[in-house]
*Asks:* 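I have a structure here, written as structure tokens, and I will follow up with some questions on it.
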Amino acid sequence: MDAPWWQTAVIYQIYPRSFSDGDGDGVGDLEGVRRRLDHLVWLGVDAIWLSPFFRSPMADFGYDVSDYCDVDPVFGTLDDFDRLLADAHDRGIKVLIDWVPNHSSDQHRWFIESRSSRDDPKRDWYVWRDSAPEGGPPNNWRRNFTGEARWERDPQSGETRRVAVPPDPDADTGAWTWDERTGQWYLHLFLPEQPDLRWDEPAVVDAMHDVLRFWLDRGVDGIRADVIHAIGKDPALPDDTAELAAVPHSSTNDHPRTHELLRDLRRLFDAYPGDRMVVGEVYLLDTAKVAEYYGAGDELHLAFNFPPLYTRWRAESWRRRIEEVAAHLDPVGGWPTWVLSNHDNARHRTRYGTESRARAAALLLLTLRGTPFLYAGEELGLEDAVIPPEAAVDPGGRDGCRAPIPWTTDPGHGWGPEPWLPFPPDAGIRSAAVQQDDPTSMLHLYRRLLAARGGSPGLRLGSMELLPAATGTLVWRRELDGDERVVAVSFSDDVAELDVEGDWLLEVASDRDGSEAGAEAPATIEPDTALLLRHA
Ligand code: GLC
């Protein structure tokens with residue numbers, strides 16, 4: 001098989017603050033990650049993506065970078081990074097870092113210089129504008145993190161859903177901040193502490209490319225590119241239409257300029273040996289649009305596609321998502337990605353509401369056609385932590401999914417005395433230590449699924465075809481060079497018929513402990529479970 005590694009890999013996202021505390025100060029760090037590498041090898045992941053660990057004032061917990069080429073002391077040093085990278089590579093684990101190109105921190109020296117005077121050579125590195133003719137900000141764009149959505153549990157279905165909340169009419173939700181000293185406004189699609197870089201300035205492109213070379217030369221295998229769809233902007237900065245005026249940064253989404261910038265980026269990556277890759281956070285909730293970011297094989301290697309993450313636990317909804325991906329990505333030769341949880345959204349264990357659905361979802365995620373991304377802790381079935389208002393720290397209300405990972409059963413769960421956020425519910429019994437000893441655990445289920453995937457070319461790279469299936473269920477077939485698997489997922493509250501032509505054996509069942517392997521496939525499927533079948 002000649003596929004590049006990122007097509008067959010399972011990629012595991014680590015939010016460094018929350019993963020593992022190497023120095024016992026209650027905040028996770030790079031040395032903590034290094035010490036858990038053997039656990040990740042045991043689990044069977046192929047690559048890790050590290051959320052930002054660069055120098056940062058932490059207004060957005062590292063997505064506000066003040067030095068792209070150094071490690072924040074809270075996470076360690078560049079030497080710690082090099083050790084982590086070397087030890088990961090020794091174990092065959094690839095390493096992706098998080099590149100934040102749309103904005104820097106307002107404490108980055110580039111911005112400090114830019115705001116120092118209208119004549120500063122770096123003035124045009126950021127987006128500065130005069131007031132609108134009638135006064136006030138240059139346009140009507142809104143910024144992110146203004147409380148425009150929250151997660152709410154529906155008592156009937158048990159699912160947690162994202163609900164739009166109109167912003168507080170008194171809050172300043174605009175995407176512009178007035179700078180007294182130079183008498184102009186600067187643009188920030190996120191916090192005022194995150195000024196947007198102006199990618200039409202060639203020096204910005206050069207500087208950000210230098211950042212990439214710094215890390216690629218050190219040996220990283222690729223990057224996750226933050227908010228990548230927003231870097232190219234219409235220089236006219238037109239107002240949002242009335243219907244979009246409530247949506248943060250809508251006008252700037254999806255400007256053709258971004259595609260040119262991505263082609264330059266791709267050339268930079270292609271000049272390096274060894275299949276270095278870019279996965280882009282294309283936060284456009286439209287798979288047809290996402291498909292465009294693969295270009296003609298000359299833009300992103302992979303693009304996140306978020307509609308499935310926002311899809312409810314319903315067979316018909318998931319069928320549509322799966323069909324959309326094939327319909328839009330196949331024609332452009334885009335290799336799909338699948339993700340259910342990350343550091344920006346309620347975990348899917350919390351969204352779907354039950355352990356059995358989360359187990360079935362694991363089987364679904366790891367058997368679809370494409371590269372799956374796991375978010376650290378989902379393999380433990382963690383729910384979002386309940387955050388008392390006085391403990392909340394994130395301006396975007398995302399603390400719950402960023403709770404520290406419980407490693408051990410003792411009250412500290414492997415962390416320093418005061419972890420930076422509360423632990424998730426049932427941290428002791430969901431700890432990695434407890435689950436490692438229990439073959440019925442979520443952790444062992446993920447391990448079995450990763451092993452099954454690793455052992456099947458059909459699952460890793462094969463075709464995918466949806467088969468006829470009973471109401472409330474989805475059944476699909478994966479195949480490559482005669483290696484075949486069938487997957488059945490029930491989203492139903494009732495037992496459903498499972499009728500697949502041919503003779504099939506169980507390989508993994510989401511509600512079992514591994515002893516099912518090799519048993520005859522059942523004729524029915526239990527509510528909220530999933531089955532992976534192989535030929536008899
Ligand atoms: C992306 C990140 C998110 C961050 C934002 C601003 O959406 O995933 O965590 O807050 O970009 O950088």
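The basis for the numbers below is simple: all heavy atoms, side chains too, and nothing from hydrogens, waters or symmetry mates. For ligands, and for the atoms within them, numbers begin at 1 and follow the listed sequence. Note that the numbering runs from 1 along the sequence shown for the chain.
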*Asks:* State whether Asp270 and Arg266 are salt-bridged, where the test is any N-O pair (Lys NZ or Arg NE/NH1/NH2 against Asp/Glu carboxylate O) under 4.0 Å.
*Replies:* yes

*Asks:* Atoms of ligand 1 less than 4.0 Å from Arg398 heavy atoms?
*Replies:* 3 (C), 4 (C), 9 (O), 10 (O)

*Asks:* Tell me whether Glu281 is salt-bridged to Arg224, with the criterion being a basic N under 4.0 Å from an acidic carboxylate O.
*Replies:* yes

*Asks:* Among all protein heavy atoms, pick the one closest to atom 7 (O) of ligand 1 and tell me residue, atom and distance.
*Replies:* Glu281 OE2, 2.8 Å

*Asks:* Just do the salt bridge (charged side-chain N to carboxylate O under 4.0 Å, His left out) check on Arg218 and Asp82 with the steps written out, would you?
*Replies:* CA-CA 8 Å; Arg218 274 192 129 74; Asp82 289 340; 2.9 Å; yes

*Asks:* I'd like to check which ligand 1 atoms, numbered from 1 as shown, lie under 4.0 Å from a non-hydrogen atom of His103.
*Replies:* 6 (C), 12 (O)

*Asks:* What atoms of ligand 1 come within less than 4.0 Å of a heavy atom belonging to Arg402?
*Replies:* 9 (O)

*Asks:* In terms of residue, atom name and distance, what is the protein heavy atom nearest to atom 5 (C) of ligand 1?
*Replies:* Phe190 CE2, 3.7 Å

*Asks:* Quick one: look up the protein heavy atom nearest atom 9 (O) of ligand 1 and list residue, atom name and how far away it is.
*Replies:* Asp344 OD1, 2.7 Å

*Asks:* Look at atom 1 (C) of ligand 1 and say which protein heavy atom is nearest, naming residue and atom and giving the distance to 0.1 Å.
*Replies:* Asp226 OD1, 2.7 Å

*Asks:* Where is the nearest protein heavy atom to atom 4 (C) of ligand 1: which residue, which atom, and how far?
*Replies:* Asp60 OD2, 3.3 Å

*Asks:* Are the aromatic ring centres of His301 and Tyr294 under 6.0 angstrom apart?
*Replies:* no

*Asks:* How does Phe145 reach ligand 1, if at all, at less than 4.0 Å between non-hydrogen atoms: by side chain, backbone, both, or neither?
*Replies:* side chain

*Asks:* Could you check whether Arg83 pairs with Asp80 (Lys NZ or Arg NE/NH1/NH2 to Asp/Glu carboxylate O, under 4.0 Å)?
*Replies:* yes

*Asks:* I'd like to know whether Thr371 forms a side-chain hydrogen bond (donor to acceptor under 3.5 Å, both in side chains) with Trp6, so could you lay out the CA-CA distance, the side-chain angles of the two residues, the decisive distance to 0.1 Å, and finally the verdict.
*Replies:* CA-CA 7 Å; Thr371 299; Trp6 43 266; over 6 Å; no

